[in-house]
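Right, one structure below, let's go through it.
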Amino acid sequence: MLRVSSFMQRGFSMIELVAAIAILSVGILGLYGVFYSLANIAYTYPLRLTADYLAQEGIEIAKNIRDNNVLSQVSWSAGLVNCSAGCQVDYKTGTSAEGVANTLSPYSDSSFLKLNADGFYSYDAGTTTTFKRKITVTQPGGADEMRVDVQVNWSFKGQNFSIQNTEYLYNWN
């Protein structure tokens, strides 16, 4: 008759089984948390990307206003220095397509950018979005330097988000 050694007859104890299940549970919950975070980021990524582009567009609009001021032979900072408390602008501001809704005006927390049929964001026409853009201009280094801060805010599923870009403009005239 074959005898099985006592080592081979021994199975898992209840304590070992509970410890193994606890370790696996912690690992699975950790992976779930990582995947949940990644899914949330991936779900909101298009909105973050749009907000970043809108912030960069705000800086480009400030550059265009500065350049148009220089070409028109007026003070290079005309209009922009009035934005120390915040202004709202869109891609038509300072161009021949500018209307009353697109002028360089004080920031209003209740003004949302609208997406028009051409795919541009403006204040005058289109579908209202959740994006708000505030441009703040200060002169930290004197009369020949401007700091342009653009903040884009939006909300998604009850959460508020914000992106900010900063750039310095100089009097090249």
Side-chain angles (χ1 to χ4, degrees), residues 33-34 36-173:
V34 168
Y36 179 77
S37 297
L38 289 175
N40 192 28
I41 289 171
Y43 197 62
T44 61
Y45 186 73
L47 295 172
R48 291 176 189 273
L49 189 62
T50 300
D52 193 44
Y53 284 141
L54 287 170
Q56 186 59 42
E57 181 185 57
I59 289 173
E60 296 301 323
I61 292 167
K63 286 180 181 179
N64 287 339
I65 292 171
R66 178 213 41 201
D67 294 347
N68 285 335
N69 287 342
V70 171
L71 292 174
S72 300
Q73 297 181 346
V74 296
S75 173
W76 74 285
S77 59
L80 291 173
V81 292
N82 298 332
C83 292
S84 61
C87 288
Q88 59 189 35
V89 298
D90 66 32
Y91 75 100
K92 295 179 183 178
T93 303
T95 68
S96 60
E98 179 180 68
V100 173
N102 312 105
T103 58
L104 186 66
S105 57
Y107 176 74
S108 170
D109 196 41
S110 62
S111 292
F112 293 90
L113 285 165
K114 297 175 183 173
L115 181 62
N116 66 26
D118 296 330
F120 292 104
Y121 289 84
S122 66
Y123 289 103
D124 57 357
T127 306
T128 302
T129 66
T130 63
F131 295 106
K132 300 177 196 175
R133 177 172 48 204
K134 180 180 182 181
I135 297 176
T136 307
V137 180
T138 56
Q139 291 186 298
D144 288 333
E145 176 185 17
M146 287 190 294
R147 176 182 165 151
V148 179
D149 293 304
V150 180
Q151 184 174 7
V152 176
N153 300 310
W154 75 99
S155 61
F156 181 71
K157 290 192 173 185
Q159 259 188 314
N160 294 323
F161 297 92
S162 178
I163 286 184
Q164 183 166 341
N165 285 359
T166 299
E167 189 158 327
Y168 288 86
L169 302 181
Y170 299 95
N171 182 3
W172 50 267
N173 187 14

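No experiment lies behind these values; they were computed from the predicted model shown.
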Checklist entry - Do we see a donor-acceptor contact under 3.5 Å between the side chains of Thr103 and Ser105? => result no
Item to check | Cys83 side chain reached by Leu104 side chain, heavy atoms, under 4.5 Å | outcome: yes
Checklist entry - Which pair of heavy atoms, one from Lys63 and one from Leu169, lies closest together, and at what distance? => result CG-CD2, 3.5 Å
Checklist entry - Would you say Phe120 and Lys92 make side-chain contact, with heavy atoms under 4.5 Å? => result no
Checklist entry - Out of curiosity, Asn153 CG to Leu54 CG, how far, rounded to the nearest 0.5 Å? => result 11.5 Å
Item to check | side-chain contact (heavy atoms from CB on, under 4.5 Å) evaluation trace for Asp144 with Trp76 | outcome: CA-CA 9 Å; Asp144 288 333; Trp76 74 285; 4.3 Å; yes
Checklist entry - Shortest non-hydrogen contact from Ser122 to Asn116? => result OG-ND2, 4.2 Å
Checklist entry - When rounded to the nearest 0.5 angstrom, what is the spacing between CD in Gln139 and CD in Glu145? => result 9.0 Å
Next on the checklist: Tell me which one of Asp52, Val150, Thr136, Asp149 satisfies side-chain contact (heavy atoms from CB on, under 4.5 Å) with Gln164.
Outcome noted: Asp149
Next on the checklist: With side chain to side chain donor-acceptor pair (under 3.5 Å) as the test, pick out the partner of Asp109 among Lys132, Lys134, Gln88.
Outcome noted: Lys132
Next on the checklist: If you compare all heavy atoms of Ser155 against all heavy atoms of Asn160, which two are closest, and at what distance to 0.1 Å?
Outcome noted: CB-OD1, 3.3 Å
Checklist outcome for this item: Rounded to the nearest 0.5 Å, the CD1 atom of Ile61 sits from the CG atom of Leu80 at a distance of 11.0 Å
Checklist entry - Should Ile135 and Val148 count as side-chain neighbours, where that means a heavy-atom distance under 4.5 Å? => result yes
Checklist entry - So, Ser162 and Gln151: side-chain donor and acceptor under 3.5 Å apart, yes or no? => result yes
Next on the checklist: With a 4.5 Å cut-off on side-chain heavy atoms, are Thr44 and Gln159 touching?
Outcome noted: no
Checklist entry - Where do Asn165 and Ile163 come nearest, in terms of heavy atoms and distance? => result OD1-CG2, 4.2 Å
Next on the checklist: Around atom OH of Tyr170, are there more than 12 heavy atoms from other residues, nucleotides or ligands closer than 6.0 Å?
Outcome noted: yes
Item to check | Gap between atom CD1 of Ile59 and atom OH of Tyr168 - 0.5 Å precision | outcome: 11.5 Å
Next on the checklist: Please identify which of these residues, Arg66, Met146, Arg147, meets the side-chain contact (heavy atoms from CB on, under 4.5 Å) condition with Val137.
Outcome noted: Met146
Checklist outcome for this item: Nearest heavy-atom approach of Thr93 to Ile65 is CG2-CD1, 4.0 Å
Checklist entry - How long is the span from the CG atom in Leu47 to the OG1 atom in Thr129, to the nearest 0.5 Å? => result 9.5 Å
Next on the checklist: Please report the interatomic distance OH(Tyr121) to OG1(Thr127), rounded to the nearest 0.5 Å.
Outcome noted: 10.0 Å
Checklist entry - Excluding sequence neighbours, so at least two apart, what forms salt bridge (charged side-chain N to carboxylate O under 4.0 Å, His left out) with Arg133? => result Glu57
Next on the checklist: Does the plane of the ring in Trp154 sit parallel, tilted or perpendicular to the ring in Phe131? Use 30° and 60° as the thresholds.
Outcome noted: tilted
